[in-house]
Undergrad: 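Once you've had a glance at the structure underneath, I'll fire off some questions.
Every value quoted in this text rests on a predicted model; they were computed, and no experiment measured them. Whatever order the structure lists them in is the order used to number ligands and atoms, beginning at 1.
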Amino acid sequence: MKKLFFTFVAFCLVVSAYANENLHPLITNVPNRTAKSLNGQWDYIIDRYEVGYYDYRLQPGKWGFFKDQKPKSESDLVEYSFGKSKKMFIPGDWNTADQELKYYEGTVWFRKTFDFSPEENERYFLYFGAVNYEALVYLNGEYIGSHKGGFTPFNFEVTGKLKDGHNFVVVKVDNTRHKDEVPTVNTDWWNYGGITRDVLILEEPETFVRDFSVSLSDGKYNEISGWVQLDGTDLQTPVKVSVPELEEEVTISPDEEGKGTFSLKARPDLWSPQNPRLYDISISVAGNSMNEQVAFRHVEAVGNRVHLNGEPLFLRGICIHEEAPFRAGRFNSPAEAHTLLSWAKEMNANFVRLAHYPHNEYMVREAEKMGILVWSEIPVYWTISFTNEETLQNAQNQLEEMITRDKNRGAIIIWSLANETPVSDERNRFLTKLVQHARKLDDSRLISMAMEKEYHDAYTPAINDPLIDIVDVVSFNTYIGWYDGLPEKCAKMNWQLPDNKPVVISEFGGGALQGYHGTKNQRWTEEFQEELYIQNVAMFDKMDLAGTAPWILMDFMSPRRMLPEIQDGWNRKGLVSDQGIRKRAFFIMKDWYEKKR
Ligand code: GCB
C-alpha cells in the first residue's frame, strides 16, 4: 500500500511538470466573497536539492515535506522541521523577504497551520491569487493539485478535506526558469518567487454563482446584458440580478449546465476617466447574495483612433511593472496600487500598460476606481518556444485565467498577447491561435501586442508585422535615442505606419539615475533622459498616433542591469525613482500629456 502511495506521489510529480492538475473552474469576484484569509506568517524550508521528495536514489523519500512530520519519540529520525524553520509573510516574494533568497531560483516549501470549523452543507475552495511559478498544493498531508503560471489565480475544491480543528496547508513553490515556459528564461524583470498574492479559503453554499459577466450590450447604451454560471447540484435554481441604483432587476432561469443569460433595459451613466462611475450590482441565488461594482462603457477602434463611449480619445499612457514603491519586490495591496496610479495621474496619464503579465486584482480594481484605462497582458515575451504545443497550451491557460478574472473590469480596454516577439511562421501561428482564443473568450475588448519594427533604412522604420491584420490596435516599442542612435535622431525619422488602425507606441524611453546630473549628452544623467523625452515627443507630434506609453513609471529590479554605480541590478528607465522621486523627464511627459488632453 505504501509503495502504491509513493508511486502515486512520483506520478503526480511527473504529471505536474506538464499540466495544471485538479483545478476547479476559476471562481471570480473573490474580493467580494465570504472567505477566511490564510495570509500572514508561513513557515518555509529552502529545498536546494529537492530533498522534500527524493531520497539518495532519487526515489520518492518517506519523509515528504508535505506530510509535515514530527518525531514521535526522542529516537525518531525526521530531518526537517517547519516549526523550527524561518517564517515569511505571505503574500510576498521570497527574494526581498530573505536576503539569502535574493537571487534564488528553485524550490521553497511553505507551510501554514490554521484552525477551522467546516460547516455541513458548505463548500470550501482553496484559492491562490498567484504563485510564481509552479505550485504543488497539499492539505493535511494529501496532494490537492498543481498550477503553473506566476501571475494568475487558481483554486481547488477542498470540501470534505478540511478538518474540524487543526489543519495545515503545504505548498511546494518552484520558480526555476525553463526555456519552454511562459515566460521563457529570457526576460528583463526579476524572477520574484513565492506565494505572491492572497491565499484564501472561499466558503460557498452547495449551489452558488461561480462566475458571471455584465456589461453594456454590444453597441447599445440603453441595455445591460450578461450571463451567470452556477456551480453545484441545483444548477437550474433561479438567479436574481439587480442594479438597485437603476431600479432594475431580472430573474434568470439557468439551463442544465447552470448557465443563464439576461438583459435589462437601463441607461447607466457611462464610466470614463472624467467620470469613473461604478454601479453596485447584486446577484442572488437561493437567498445568498453577492455584490460587485461594475463600470459601464463602450470601447472600439474606429479608423485610426480608439473610441470610448463613441468619442475618440488619446491614450496618455505609462507602462508599469508590478513592483512596490519605496521598497523593492512584488506588491499586493490597494494602497501600493494607489500610490503608483496616483503618480501616473499626476503625469496626466489616463491609461496604464500593466507590463508584462497580469497584475494583481487590486491594481486593476484601483485603476477602475481612479478612472484609468488599462492594458493587460500575458507574459508571452521575446523568445518564447513558439514551436512547442505545451507552451501554447500554457499561454492559453494564462490568457484564460486573466480574462476570466478580469472580464468585468470595464477599465480594461486592451488585452495584449505578446511583447517584442520576432516574426516567423511558428510565431505567427502561435499568436494567431492566442488571438482567436482571446476573441472567443471576450469579443468586447481590443486586442493588441507590442510588435517589432522593420527598417527600410536607418531613418525609415515600418510596421510590417503580418499580424497587424488580426489585431485591433497596432502597437510597437521603439527606443530612438537610447538603443537606436542618440536623441537627435528623432528629428530625422520617417515613420511608415499603417493608417487604417489605431497605432499606439507601447514603449519608448531611456535610463537615468535619479539625482545624477550633467549635460544632455551624458548618458545616465537626468538631463540626457530629459532631452530624449523632448526629442521623442516632438517626433510623436509629427506622427498619427492613438496613444503612447513610455517605458516606465518607476525604476524596477532586473538582473540584466548590472552596470556598477548606475544600475546595480535596477533598470533605470523609470520616470520616477524607486523612492518615488520624479526625474526631470517626468515633467516633459506631464506637460506633453497636458497638451494632449
Ligand atoms: C523592451 C522590453 C522591456 C524592457 C525594455 C528595456 O523593449 O519590452 O521589457 O525592460 O525594453 O528597458 O530595455
Undergrad: Between the side chains of Thr421 and Arg427, does any donor sit under 3.5 Å from an acceptor?
TA: yes
Undergrad: Taking non-hydrogen atoms only, is Arg572 closer than 4.0 angstrom to ligand 1 via side chain, backbone, both or neither?
TA: neither
Undergrad: Is Asn419 touching ligand 1 with its side chain, its backbone, both, or neither, if touching means heavy atoms under 4.0 Å apart?
TA: side chain
Undergrad: Should the pair Arg197-Glu361 be classified as a salt bridge under the 4.0 Å nitrogen-to-oxygen rule?
TA: no
Undergrad: Against ligand 1, does Phe508 come closer than 4.0 Å with any heavy atom?
TA: no
Undergrad: Looking at Asn477, which atoms of ligand 1 are within less than 4.0 Å of one of its heavy atoms?
TA: 7 (O), 8 (O)
Undergrad: Tell me which protein heavy atom sits closest to atom 10 (O) of ligand 1, plus the residue, atom name and distance to 0.1 Å.
TA: Asp188 OD2, 2.5 Å
Undergrad: Can you tell which of Arg582, Arg572, Lys573 makes a salt bridge (Lys or Arg N to Asp or Glu O under 4.0 Å) with Asp555?
TA: Arg572
Undergrad: Only heavy atoms of Arg561, strictly under 4.0 Å: list the atoms of ligand 1 that pass.
TA: 6 (C), 12 (O), 13 (O)
Undergrad: For this output row, return yes or no: ring centroids of Phe540 and Trp495 closer than 6.0 angstrom.
TA: no
Undergrad: Could you check whether any heavy atom of Tyr381 sits closer than 4.0 Å to an atom of ligand 1, since that is the contact criterion I want to use?
TA: yes
Undergrad: Looking only at protein heavy atoms, which one is nearest to atom 7 (O) of ligand 1, and what is the separation?
TA: Glu420 OE2, 2.4 Å
Undergrad: What closest approach, in Å, do Asn571 and Arg561 show between heavy atoms, and which atom pair accounts for it?
TA: ND2-NE, 3.6 Å
Undergrad: Is any side-chain heavy atom of Lys596 closer than 4.5 Å to a side-chain heavy atom of Thr548?
TA: no
Undergrad: Under a heavy-atom criterion of less than 4.0 Å, does Trp482 contact ligand 1?
TA: no
Undergrad: Heavy-atom pairs closer than 4.0 Å: do any link ligand 1 to the side chain of Asn571, the backbone, both, or neither?
TA: side chain
Undergrad: Do Trp570 and His321 have ring centres separated by under 6.0 Å?
TA: no
Undergrad: How far is atom 13 (O) of ligand 1 from its nearest protein heavy atom, and which residue and atom name does that atom have?
TA: Tyr483 OH, 2.4 Å
Undergrad: Between Lys520 and Glu488, does any side-chain N to carboxylate O distance fall below 4.0 Å?
TA: no
Undergrad: Can you check whether Trp551 has an N/O within less than 3.5 Å of an N/O in ligand 1?
TA: yes
Undergrad: Which of these, Tyr357, Phe128, Tyr192, sits in a ring pair (Phe, Tyr, Trp, His ring centres under 6.0 Å) with Phe151?
TA: Tyr357
Undergrad: For atom 8 (O) of ligand 1, which candidate among Glu507, His321, Lys573 holds the nearest heavy atom?
TA: Glu507
